[in-house]
Amino acid sequence: MGDFTVALNPPKTFGAEILSPINRTSAAARGRVTKIAFKPHGFRAIRASVMPREGQQQPSLGDSLVNSPHRNDVVDVIRRSGLSNCLSETNLHNTVPGLVSKTRGKVRDIYDAGDYLVLVTTDRQSAFDRILASIPFKGQVLNETSLWWFERTKQIVPNAVVSAPDKNVTIAKKCSVFPVEFVARGFVTGSTDTSLWTVYNKGSRNYCGNVLPDGMVKNQKLSENILTPTTKAADHDVPVTPDEIIERGLMTRSDYEAVSEKALSLFEYGQQVASEHGLILVDTKYEFGKANDGSIMLIDEVHTPDSSRYWIANSYLERFQNGLEPENIDKEFLRLWFKSHCNPYEDEVLPDAPEDLVCELSWRYIFLYETITNSKFEMPLTEEPIHDRISRNVASALSSLK
């Protein structure tokens, strides 16, 4: 695994058999799980023991993540075809009629198509407010994960999705975007400058209007879920309090209260679904906009491994009690590798991410998608260049919307 293994989960002794992802059973059927009991704006973790089926030893979710035949097969495909075929940049405004401009985000390329926006999720990997690497299949994972969640959360809040003509593309309704990101948190954790653990460890006990008690330790569960909103300043996120949001005119009080309620409801639902699949949704961020009719819409992405932190539930309590980092299925170990090898906020030139780390992160994203959706991730194995495929599919979709 190269020289970054210190940031990964410690090895264990594993069984040799693993379930096929297409026939993945529930977390309870695999063995011991941690059940998550929910209450308004919070939950508590309860350790439970569930016996596997008679005569059958199922691997735990953590074992499946780090050592399984399926993992080896996926990583082999990543190495053979993914590393050399990442989607790092798109230029659809040069290949698709009707696209009048391009906005390049950290991960998404956004194109203006008149009444609609075309959002292309690339394989770019961002953290510390900059691009760190390109991760094979990442864009497809993020797009398809978001679509899965958008479909299941539209009863909580409507979303802007119109269609998904390609594995990496979502066509969305235009709206007026609130200049505030709603970060929902259930635990004291993180490694970035705006993470809850970083500011808490520096002595802050009031963060974004949330009063925090003394004596908390890293990765501890909060007594209830909280929101720590941020807004943009130049090229980085800045934490803000609800009062500051209203005083600065970023949102009206009624809009802020309505969006806050929806954000916490989305987070609670996400935590519940994650727990049913043997995971803990630790924290996440949401973005919202307002449609022409004044309705609030969920936009951008939802509960992806880019916007969220996920831990494996059945090992969390034991590892927390022993002072160990939780087993995670997100980009946190990538952040930790860069923090241990450079200053990702100040160094002008960053080291290249090792190939083993890139492959590991690609696998973890795919693993999370398969675990949450209980379906197999379909890798695009055709020889058609990704940009050509996307151009063809977007052009066809836009012509049908006229």
Side-chain angles (χ1 to χ4, degrees), residues 39-43 103 105-106 108 110 117 129 149-150 153-160 172-190 192-200 202-213 216 222-271 281-303 306-309:
K39 61 181 181 179
H41 300 172
F43 67 88
T103 301
K106 293 177 184 175
R108 288 167 183 80
I110 305 170
L117 293 177
D129 297 312
W149 282 106
F150 276 132
T153 57
K154 60 187 179 182
Q155 301 305 316
I156 300 174
V157 56
N159 59 68
K173 304 171 189 174
K174 284 186 174 180
C175 66
S176 177
V177 178
F178 294 116
V180 176
E181 292 187 353
F182 285 75
V183 182
R185 303 182 186 274
F187 291 77
V188 183
T189 192
T192 65
D193 284 355
T194 57
S195 71
L196 188 54
W197 171 246
T198 300
V199 297
Y200 185 90
K202 291 179 178 179
S204 175
R205 295 296 180 268
N206 190 319
Y207 190 44
C208 299
N210 300 286
V211 178
L212 304 169
M216 300 195 76
L222 295 164
S223 60
E224 63 178 11
N225 293 332
I226 64 173
L227 294 176
T228 59
T230 64
T231 189
K232 293 291 183 184
D235 59 352
H236 62 281
D237 297 331
V238 178
V240 287
T241 67
D243 286 342
E244 289 171 335
I245 291 172
I246 296 163
E247 291 168 1
R248 292 166 58 180
L250 300 177
M251 299 178 71
T252 65
R253 182 174 298 277
S254 60
D255 282 344
Y256 177 81
E257 291 175 351
V259 171
S260 296
E261 183 178 354
K262 293 180 186 300
L264 288 170
S265 295
L266 285 167
F267 190 45
E268 289 164 7
Y269 175 72
Q271 289 176 317
L281 177 58
V282 179
D283 51 45
T284 193
K285 65 97 177 169
Y286 304 107
E287 294 187 50
F288 297 87
K290 181 176 279 192
N292 291 334
D293 63 1
S295 62
I296 292 171
M297 294 194 301
L298 180 63
I299 64 172
D300 195 47
E301 63 183 325
V302 56
H303 298 161
D306 248 24
S307 65
S308 314
R309 200 184 315 269

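Everything numeric here is computed off the predicted structure, so don't read it as measured data.
Between the CG atom of Leu117 and the NZ atom of Lys173 there is a distance of 12.5 Å, given to the nearest 0.5 Å. Note that OG1 of Thr192 is 14.0 Å distant from CH2 of Trp197, once rounded to the nearest 0.5 Å. The line from CG of Asp255 to CZ of Phe178 is 4.0 Å long, rounded to the nearest 0.5 Å.
The shortest heavy-atom contact between Asn225 and Gly186 is OD1-CA, 3.4 Å. The heavy-atom pair separating Pro229 from Ile245 by the smallest distance is CB-CD1, 3.7 Å. Scanning both residues, Cys175 and Gly289, for their nearest heavy atoms gives SG-CA, 3.8 Å. Among all heavy-atom pairs drawn from Val199 and Asp193, the shortest one is CG1-O, 3.7 Å. Between Thr189 and Ser195, the shortest heavy-atom distance links the atoms O-CB, 3.6 Å. Closest non-hydrogen pair, Ser307 versus His303, comes out as OG-N, 3.7 Å.
In this structure, the side chains of Thr284 and Leu266 stay at 4.5 Å or more apart for every pair of heavy atoms. In this structure, the side chains of Asn210 and Leu222 stay at 4.5 Å or more apart for every pair of heavy atoms.
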Output, in order, the C-alpha distance, side-chain angles, deciding distance and verdict of side chain to side chain contact (heavy atoms under 4.5 Å, CB included) for Leu196 and Ile226. CA-CA 11 Å; Leu196 188 54; Ile226 64 173; 4.1 Å; yes
Would Tyr286 and Phe267 satisfy side chain to side chain contact (heavy atoms under 4.5 Å, CB included), going step by step from the backbone distance to the final call? CA-CA 9 Å; Tyr286 304 107; Phe267 190 45; 3.6 Å; yes
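In this model, a donor atom of one side chain and an acceptor atom of the other lie less than 3.5 Å apart for Thr228 and Arg185.
A donor-acceptor pair under 3.5 Å is formed between the side chain of Thr231 and the backbone N or O of Pro179. At least one donor-acceptor pair closer than 3.5 Å links the side chain of Ser265 to the backbone N or O of Glu261. Judged by distance alone, with hydrogens and angles left aside, the side-chain atoms of Tyr269 form no donor-acceptor pair with the main-chain N or O of Thr153 at under 3.5 Å. With hydrogens and angles disregarded, no donor-acceptor distance shorter than 3.5 Å links the side chain of Thr241 to the backbone of Gly209.
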Output side-chain donor-acceptor pairs under 3.5 Å for residues 291-302, partner residues at least two apart or in another chain, one line each.
{"residue": "Asp293", "atom": "OD1", "partner": "Ser295", "partner atom": "N", "Å": "2.9"}
{"residue": "Asp293", "atom": "OD1", "partner": "Ser295", "partner atom": "OG", "Å": "2.7"}
{"residue": "Asp300", "atom": "OD2", "partner": "Lys285", "partner atom": "NZ", "Å": "2.8"}
{"residue": "Glu301", "atom": "OE1", "partner": "Arg108", "partner atom": "NH2", "Å": "3.2"}
{"residue": "Glu301", "atom": "OE1", "partner": "Thr304", "partner atom": "OG1", "Å": "2.6"}

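Between Tyr256 and Phe182, the ring centre distance stays below 6.0 Å.
Residues satisfying the salt bridge (charged side-chain N to carboxylate O under 4.0 Å, His left out) test with Arg253, not counting sequence neighbours, are none.
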